[in-house]
Novice: 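Quick one: structure below, then a few questions.
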2 protein chains.
Amino acid sequence: MATTLTIELPGEPTPTGYERSCEEASPGSDHGRAIRDVLDRIGDKWSLLVVGTLRRERLRFTELQRHIPGISQRMLTLTLRQLERDGLITRTVHAEVPPRVEYELTPLGGTLIQLAMALADWAIENHPRIEDSRAAYDAAHQR
Amino acid sequence: MATTLTIELPGEPTPTGYERSCEEASPGSDHGRAIRDVLDRIGDKWSLLVVGTLRRERLRFTELQRHIPGISQRMLTLTLRQLERDGLITRTVHAEVPPRVEYELTPLGGTLIQLAMALADWAIENHPRIEDSRAAYDAAHQR
DNA sequence: CAGTATCCCCCACGATACTG
DNA sequence: CAGTATCGTGGGGGATACTG
């Protein structure tokens with residue numbers, strides 16, 4: 001069983017949201033705001049990592065913290081709250097002592113994973129080129 | 001006329017870079033660094049906008065500034081320098097008076113466009129859901 | 001025209017301490 | 001266990017002025 005992701009690559013101008021939003025002076029437009037909102041979330045330090053960690057299993061607060069080395073309680077809380085507010089994860093409190101709270105991806109959060117994977121694949125494939133370019137640039141411009 | 005690119009997304013564990021980097025305590029690992037580097041670039045305020053503006057035409061400094069309302073000279077310069085250092089755009093100085101400097105995408109920069117489009121499409125398609133979720137969350141948690 | 005150079009502000013994030 | 005509350009800091013980014 002495999003999912004199929006289809007991307008339209010316009011040979012002729014079939015303007016995508018991105019193209020249109022670039023034309024029309026991006027920020028301020030509705031599309032500009034949508035893109036900015038999403039970029040703010042995936043561009044921050046922890047969101048994508050949290051989503052990735054939840055991709056297969058529902059996890060508790062402390063378990064998440066163990067899976068994501070370096071994250072502080074504060075940032076884990078904040079990140080989880082934002083993801084919950086945006087409808088990307090759910091937070092379930094079980095009425096027990098001691099308290100048990102579980103987080104899991106929503107379907108919407110699941111679709112974000114596809115994006116994250118495309119991003120990660122591009123990053124990993126092209127990072128060597130980027131590093132080489134940086135080295136060359138630094139060599140040419142240092143004094 | 002449009003080309004169709006179809007990608008098989010494995011339903012069974014064929015770990016992608018993203019998945020692997022989530023497993024292995026992302027930051028610190030090589031993949032973690034690659035992803036972070038790319039995220040830092042596309043997550044910032046102007047890079048994606050600059051790349052998008054250059055997607056079809058080579059442009060001069062002032063032209064870029066006109067196409068991207070709100071960007072300051074300083075931020076345009078900084079953004080262009082980083083993109084150039086990462087090998088995503090080229091900077092060509094023509095020996096003329098007055099000076100003429102033109103920026104254009106490299107092939108590597110061109111591949112970034114694909115990413116940007118996937119991102120933008122996801123953002124535009126899902127933004128309504130996100131906004132609804134936010135409204136619901138805020139209504140439920142306000143005091 | 002295509003940038004530097006300064007100054008300043010805000011806030012994302014980290015560290016630490018405390019709590020229902 | 002799963003969080004708040006508080007304090008402090010770095011640097012991303014804006015405004016403005018100046019220059020080869």
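Just so it is clear: chains get the letters A, B, ... in the order the sequence lines come, proteins before strands, and each one is counted from 1.
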Novice: Among C:dG20, C:dC13, D:dG3, find the nucleotide with the atom closest to the side chain of A:Arg81.
Specialist: D:dG3
Novice: Salt-bridged, A:Asp138 to A:Arg134, with N to O below 4.0 Å?
Specialist: no
Novice: If only side-chain N and O atoms of A:Arg66 are considered, is one of them under 4.0 Å from the OP1 or OP2 phosphate oxygen of D:dA2?
Specialist: no
Novice: Would you tell me if any nitrogen or oxygen in the side chain of A:Arg74 comes within less than 4.0 Å of OP1 or OP2 on D:dA2?
Specialist: no
Novice: Measure from the side-chain heavy atoms of A:Ser72 and tell me the nearest of C:dG14, C:dG20, D:dG14.
Specialist: C:dG14
Novice: Is any NZ, NE, NH1 or NH2 atom of the basic residue among A:Glu104 and A:Arg56 found under 4.0 Å from an Asp or Glu carboxylate oxygen of the other?
Specialist: no
Novice: What is the distance from CE of A:Met75 to P of C:dT16, rounded to the nearest Å?
Specialist: 17 Å
Novice: Applying a 3.5 Å limit to both distances, which nucleotide forms a Watson-Crick or G-U wobble pair with D:dG20?
Specialist: C:dC1
Novice: Check A:Glu102 with A:Arg100, please: is the shortest side-chain N to carboxylate O separation under 4.0 Å?
Specialist: yes
Novice: When you measure from the side chain of B:Tyr103, which nucleotide among D:dC1, D:dG20, C:dG3 comes out closest?
Specialist: C:dG3
Novice: Quickly work out the B:Leu64 CG to C:dG3 P distance and round it to whole Å.
Specialist: 10 Å
Novice: Measuring to OP1 and OP2 of D:dA2, would you say a side-chain N or O of A:Arg60 lies under 4.0 angstrom away?
Specialist: yes
Novice: Send over the distance from A:Glu96 CD to D:dC1 C1', rounded to a whole Å.
Specialist: 11 Å
Novice: On the nucleotide C:dA2, are OP1 or OP2 found under 4.0 Å from the side-chain N or O atoms that B:Thr62 carries?
Specialist: yes
Novice: Taking the side chain of A:Thr77 as its heavy atoms from C-beta onward, which of D:dG3, C:dG3, C:dC13 lies nearest to it?
Specialist: D:dG3
Novice: Report yes if a side-chain nitrogen or oxygen of B:Arg41 is closer than 4.0 Å to either non-bridging phosphate oxygen (OP1 or OP2) of D:dG12; otherwise report no.
Specialist: no
Novice: What's the closest nucleotide to the B:Gln73 side chain, out of C:dA2, D:dG13, C:dC13?
Specialist: C:dA2
Novice: Is any side-chain N of the basic residue among B:Asp37 and B:Arg41 closer than 4.0 Å to the acidic one's carboxylate O?
Specialist: no
Novice: Whole angstrom is fine here: how far is it from CZ in A:Arg91 over to C1' in D:dC1?
Specialist: 12 Å
Novice: More 5' along DNA chain C: A:Leu78 or B:Phe61, using each one's nearest nucleotide?
Specialist: B:Phe61
